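Report on the following structure.
Chain naming here is simple, since letters A, B, ... match the order of the sequence lines and numbering starts at 1 in each. Quantities reported herein were computed from a predicted structural model and do not represent experimental measurements.
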Amino acid sequence: MAKRYWLMKCEPSAYSISDLARDGETSWEGVRNFQARNLMRDEMSLGDPVLFYASNADPSGVSGLATITRAGYPDTFAWKQGHKYFDAGSTPAAPIWFMVDVGFVEAFAATVPLATLKATKGLEDMKVVQKGSRLSVQPVTKQEYDIVVRLGRKTRKTVENTA
DNA sequence: GCCAACGTTGGC
DNA sequence: GCCAACGTTGGC
């Protein structure tokens with residue numbers, strides 16, 4: 001299957017690219033949106049590249065790169081009574097929610113802010129730059145992915161050069 | 001912290 | 001099947 005490219009959002013107060021750098025790998029549980037669920041369950045494959053997006057951050061934007069280390073499997077947190085991701089409707093026999101595992105690839109020295117994404121040619125079709133887009137797992141094109149990676153590494157050079 | 005935009009739920 | 005009410009997301 002052809003490699004696909006993704007953007008995944010997370011609030012840094014919950015989990016940041018630094019946390020991922022420290023852990024190396026993490027499970028991506030707790031997604032409770034059907035569209036995002038379908039993407040994780042059906043479309044993500046091992047090794048797919050991921051833009052790691054920090055939402056509700058200062059600034060919000062892409063803070064680094066990750067990769068899918070395990071394709072979609074049932075979200076076991078949905079079965080844990082009392083857990084914040086518990087959902088009585090989901091059972092091991094008939095799981096409703098799915099998650100993937102994500103591995104650390106690279107942390108940008110500085111976040112590529114949403115404003116920069118919005119202002120960059122070639123990214124105008126990204127879901128994340130569109131008003132009111134709340135989907136926490138989004139497909140991106142290879143072209144979009146490459147542009148964002150370039151922006152992220154440019155940021156790093158700038159920081160290094162001025163350090 | 002505010003609030004607009006969105007997805008989901010539930011009454012009818 | 002419509003749509004109002006509600007809860008949540010997420011930029012600012």
Side-chain angles (χ1 to χ4, degrees), chain A residues 4-21 23 26-44 48-66 68 72-102 104-141 144-145 147-152 154-156 158-159:
Chain A
R4 302 192 56 178
Y5 296 77
W6 306 99
L7 178 146
M8 298 175 82
K9 291 183 193 171
C10 193
E11 303 199 9
S13 58
Y15 200 82
S16 71
I17 191 73
S18 317
D19 293 326
L20 186 58
D23 296 341
T26 189
S27 54
W28 205 267
E29 69 274 6
V31 173
R32 294 293 179 266
N33 168 283
F34 288 106
Q35 217 180 328
R37 186 280 308 267
N38 293 345
L39 292 172
M40 292 200 299
R41 186 189 59 188
D42 305 331
E43 308 290 341
M44 286 183 156
D48 281 357
V50 175
L51 299 172
F52 191 104
Y53 183 90
S55 59
N56 260 319
D58 188 20
S60 294
V62 177
S63 54
L65 305 177
I68 302 300
Y73 62 105
D75 186 336
T76 54
F77 292 80
W79 310 332
K80 292 179 179 152
Q81 192 104 38
H83 195 276
K84 76 169 164 164
Y85 295 138
F86 176 72
D87 180 351
S90 186
T91 65
I96 295 176
W97 304 113
F98 284 72
M99 58 183 174
V100 296
D101 288 353
V102 165
F104 175 75
V105 173
E106 176 176 334
F108 295 154
T111 296
V112 179
L114 180 58
T116 301
L117 301 179
K118 284 180 174 168
T120 301
K121 217 171 167 230
L123 301 183
E124 22 319 84
D125 290 336
M126 285 183 83
K127 289 199 177 48
V128 75
V129 307
Q130 279 150 32
K131 191 179 175 183
S133 165
R134 291 169 34 180
L135 195 58
S136 65
V137 175
Q138 316 178 352
V140 302
T141 67
E144 290 162 348
Y145 179 88
I147 291 171
V148 175
V149 169
R150 211 172 305 134
L151 291 171
K154 186 156 63 175
T155 303
R156 176 170 57 189
T158 304
V159 170

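- The ring pair (Phe, Tyr, Trp, His ring centres under 6.0 Å) check on A/Trp28 picks up A/Phe52, with sequence neighbours excluded.
- Pairs passing the side chain to side chain donor-acceptor pair (under 3.5 Å) check and including a residue from residues 50-66 of chain A, sequence neighbours excluded, read A/Glu11-A/Asn56.
- Between A/Arg32 and A/Lys131, the residue whose closest nucleotide on DNA chain B is further toward the 5' end is A/Lys131.
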Legend entry - Protein proximity profile, nucleotides 3-11 of chain C - base contact B, sugar-phosphate-only contact S, no contact -, cut-off 4.0 Å on heavy atoms: ----BBBBB

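- The list of salt bridge (charged side-chain N to carboxylate O under 4.0 Å, His left out) pairs with a residue in residues 32-41 of chain A, not counting sequence neighbours, reads A/Arg32-A/Asp75.
- Contacts of A/Asp125 classified as side-chain hydrogen bond (donor to acceptor under 3.5 Å, both in side chains), with partners at least two apart in sequence or in another chain: none.
- With sequence neighbours left out, the side-chain hydrogen bond (donor to acceptor under 3.5 Å, both in side chains) criterion links A/Thr116 to no other residue.
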